[in-house]
There are 2 protein chains.
Amino acid sequence: MSSAVISLKKIEDNNLPRVVDLSTLDPANCPVRDVLQQIGGKWAPLMLDALAQKPYRFGELRRAIPDISQRMLTQTLRDLQREGYIDRQVFPTNPPSVEYRLTELGRSLYATLALLLNWAEANQSAVRAARYRFDAQA
Amino acid sequence: MSSAVISLKKIEDNNLPRVVDLSTLDPANCPVRDVLQQIGGKWAPLMLDALAQKPYRFGELRRAIPDISQRMLTQTLRDLQREGYIDRQVFPTNPPSVEYRLTELGRSLYATLALLLNWAEANQSAVRAARYRFDAQA
DNA sequence: CGGGATCCAATTCGATACTG
DNA sequence: CAGTATCGAATTGGATCCCG
């Protein structure tokens, strides 16, 4: 089939979707760097993933990600709120209760981010195998 | 239109695609953390994006990302090679020439990663606005 | 319960100098 | 050209103590 040949050729040519041309951008004002820096940290993807399921309270979120320190939980929550990905709602009960949930922007981000999370899960074994080969030959 | 109502309800319910359930995983063996750590760095996404266009030689790649140090270029290239995303080919010319190109795994990753890069570019202004609001109110 | 503040350890990163 | 090696700065992250 000619279509198979065509798609094979596309792969050989590295013909991949690429909308932004990063090479023509000022590095100091690159939107990809600007936005990716915040979602590329150690905890942000996990927290966005948790909050994509349902709203969480502080302690609840801490139990959902057992090995996060309280400092990083607080800080990452504030960062995500500043970026506009999550919303913080305080209930003046006693003791106080605070709920975090994704904003619409956050849900938009997660819709794309989730594809990457799924890719990671689906291809972990391939990555592990590549690491093993690399380390063996070295 | 009822379809609009339905999709609105889905958004309100946080009904988003989620294949991996991270909360049930051992944090120390989480595929998402394992894989995302390498592609979440400061330089890896930019280099994958460059190499998705075409193969690059060392110095050429350095010029394409003007503000990367040679140390980080070397190190990130090795990391990406170890993960199985890029291939390194040495041409025994004089002076030597080394070419880097995406592997099939790397192209598979980039197909997903590019969606996130596009999201970042498309939504940078919304993120900037959110930051401004957050900083103004604080 | 939901944090703030402080101190310290680990990791990341950049600048510089040197090499086949 | 394509790296390696070393140093120090900067950033990130964890532990601990404190509070309303």
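Predicted, not measured: the structure shown is a model, and the values here were computed from it. In the text below, chain A, chain B and the rest are named by the order of the sequence lines, each starting its count at 1. Computation of the quantities below employed the complete heavy-atom set of this structure, encompassing side-chain atoms and omitting hydrogens, waters and symmetry-equivalent molecules.
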Salt bridge Asp67(A)-Arg33(B), side-chain N to carboxylate O under 4.0 Å: yes

Under the side-chain contact (heavy atoms from CB on, under 4.5 Å) test against Asp87(A), which residue among Glu104(A), Gln81(A), Arg101(A) passes? Arg101(A)

Counting only side-chain heavy atoms from C-beta out, which of dG3(D), dG3(C), dG13(D) sits nearest to Arg88(B)? dG3(D)

To the nearest angstrom, how far is Met72(A) atom CE from dT6(C) atom P? 18 Å

Rounded to the nearest Å, what distance is computed from the CG atom of residue Leu73(A) to the C1' atom of nucleotide dG2(C)? 10 Å

Got a sec: does the CD of Gln37(A) have more than 12 other heavy atoms crowding it under 6.0 Å? no

Counting only heavy atoms from other residues, nucleotides and ligands, does the tally under 6.0 Å from CD of Glu99(A) exceed 12? yes

Measure the distance from NZ on Lys42(B) to C1' on dT11(C) and round it to the nearest whole Å. 14 Å

For Gly41(B) and for Phe58(A), find the nucleotide of DNA chain C with the closest heavy atom, then tell me which residue's nucleotide is more 5'. Phe58(A)

Atom CD1 of Ile65(B) to atom P of dC13(C): distance rounded to whole Å? 13 Å

Whole angstrom is fine here: how far is it from OH in Tyr56(A) over to P in dC1(C)? 16 Å

Would you tabulate the nitrogen or oxygen pairs shorter than 3.5 Å linking the protein to nucleotides 15-20 of chain D?
none

Residue Val98(A), side-chain heavy atoms: nucleotide from dC1(C), dG3(C), dG4(C) that is nearest: dG3(C)

Between P on dT4(D) and CD on Gln75(B), what's the gap in Å once rounded to a whole number? 11 Å

Classify Tyr100(B) by what it touches in the nucleic acid, base, sugar-phosphate, or nothing, heavy-atom distance under 4.0 Å. sugar-phosphate

Is the closest side-chain heavy-atom distance between Thr103(A) and Arg107(A) below 4.5 Å? no

Applying the 4.5 Å side-chain criterion to the ILVMFWY set and letting contacts propagate, would Val90(B) and Leu61(B) be lumped into a single cluster? yes

Using whole Å, what does the distance between atom P of nucleotide dG2(C) and atom CG of Leu61(A) come to? 10 Å

Without decimals, in angstroms, what is the distance between Glu99(A) CD and dG3(C) P? 12 Å

Residues 130-138 of chain A, side-chain donor-acceptor partners within the protein, below 3.5 Å, at least two apart:
| unit_1 | atom_1 | unit_2 | atom_2 | d |
| --- | --- | --- | --- | --- |
| Arg131(A) | NE | Glu83(B) | OE2 | 2.8 |
| Arg131(A) | NH1 | Asp34(B) | OD1 | 3.0 |
| Arg131(A) | NH1 | Asp34(B) | OD2 | 3.2 |
| Arg131(A) | NH2 | Asp34(B) | O | 3.4 |
| Arg131(A) | NH2 | Asp34(B) | OD1 | 3.1 |
| Arg131(A) | NH2 | Glu83(B) | OE1 | 3.0 |
| Asp135(A) | OD1 | Arg82(B) | NE | 2.9 |
| Asp135(A) | OD2 | Arg82(B) | NE | 3.4 |
| Asp135(A) | OD2 | Arg82(B) | NH2 | 2.6 |

